[in-house]
Amino acid sequence: MKPYNGNLLQKIKEFKLERNAIILAHNYQREEIQQVADFVGDSLELSRKAADSDAEVIVFCGVRFMAEVAAILAPEKTVLLPDHHAGCSLAAMVSVADLRQKKKEHPRAAVVAYVNSPAAVKAECDICVTSSNAVAVVNSLAAEEIIFVPDKNLGSYVAKQTGKKVILWDGYCATHHCVTREDVANARRADPRALVMVHPECRPEVVAAADYSLSTGQMFKLARETENETIIVGTETGVLPRLRQENPEKNFLPLSPKMVCPDMKLVTLIKLLLALVKMRTPVEVPAEISRPARRALERMLAVV
Ligand code: 13P
């Protein structure tokens, strides 16, 4: 049985109007958060929305690096993260000091930061990428040698797709790295006609065993367009309710029920309401970091 949230939803709507706020939610958020959001999308779609919105307040239902991107691209707006503990273990795997050392070792390499990184790391990079545009952005660079931080799996995928020399960082997303080739083999055995789509944060052998490697936004598009009736979904399970709702005639199964991001699940309806009522927790990026980080993000947005 689902809890009754009527009053809570009403209050969220009232305070949203009062604050002239917009609620942005990532595709991995809880179902009830996605339902109350003004816009739900992947990292790239959300950063564009943050930059374009004319609301005064952005309540970012996601994790810290995403709220930081919104604050960097919309410095005149107040960006709120409903739970200030919502971080990203992958983003925490790269530090400015270690990256500076790597840059010294490879002075000719272009430095590419996956958006799943701290703002201070983006400030050290030439350009940012998301999972949906990483290949196109790296292809757009003149450099043949690339330092790619922090996700080694997405970095490997980019290396394979672009043919460039990619210096990998030893970072990974625990939620995606936990699935194996065996999980794909088991899913195919259960239904040999099923289509398998995975996120490029999965291990290279999982990506190789799948039919498609896609960002979450691209998964929604493929789900609409494919004629396959059963689709195995290799990313955080938060995408499943909306995939099912948008495509009631199709059958969506998780590649593994273990694919749950604990940070993404920290945001709840009550925390969302409290964020609006108490204007918490503001995410601010100091100007000396924000300026160079914005340059790296805007270079990315100019490519795709
Ligand atoms: P998307 O680019 O699909 O939003 O991926 C975000 C992410 O953090 C994956 O773990």
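Counting from 1, the numbers follow the sequence of the chain as shown. Note that this is a predicted model, so its numbers are computed, not measured. Both ligands and their constituent atoms are indexed starting at 1 by order of listing.
Asp151 has its side chain within reach of Tyr172: a pair of non-hydrogen atoms, C-beta onward, lies under 4.5 Å apart. Between Leu168 and Ser156 the shortest side-chain heavy-atom distance falls below 4.5 Å.
Thr235 pairs in a side chain to side chain donor-acceptor pair (under 3.5 Å) with only one of the listed residues (His199, Glu201, His176), which is His176.
Here the shortest heavy-atom pairing between Val206 and Cys202 reads CG1-CB, 3.8 Å. Contact detail for Leu255 and Ala187: the closest heavy-atom pair is CD1-CB, 4.4 Å.
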Tabulating one pair per line, provide the atom names and distances (0.1 Å) for every N/O atom of ligand 1 that is less than 3.5 Å from a protein N/O atom.
| unit_1 | atom_1 | unit_2 | atom_2 | d |
| --- | --- | --- | --- | --- |
| ligand 1 | 2 (O) | Ser43 | OG | 3.4 |
| ligand 1 | 2 (O) | Ser131 | OG | 2.7 |
| ligand 1 | 3 (O) | Ser131 | OG | 3.4 |
| ligand 1 | 3 (O) | His199 | NE2 | 3.2 |
| ligand 1 | 3 (O) | Thr216 | N | 2.7 |
| ligand 1 | 3 (O) | Thr216 | OG1 | 2.8 |
| ligand 1 | 4 (O) | His26 | NE2 | 2.7 |
| ligand 1 | 4 (O) | Ser43 | N | 2.8 |
| ligand 1 | 4 (O) | Ser43 | OG | 3.0 |
| ligand 1 | 4 (O) | Thr216 | OG1 | 3.4 |
| ligand 1 | 5 (O) | His199 | NE2 | 3.1 |
| ligand 1 | 8 (O) | Asn116 | ND2 | 2.9 |
| ligand 1 | 10 (O) | Glu201 | OE1 | 2.9 |
| ligand 1 | 10 (O) | Glu201 | OE2 | 3.0 |

Verify salt bridge (charged side-chain N to carboxylate O under 4.0 Å, His left out) between Lys16 and Asp38, making sure each step is shown before the conclusion. CA-CA 10 Å; Lys16 196 179 74 162; Asp38 296 296; 2.6 Å; yes
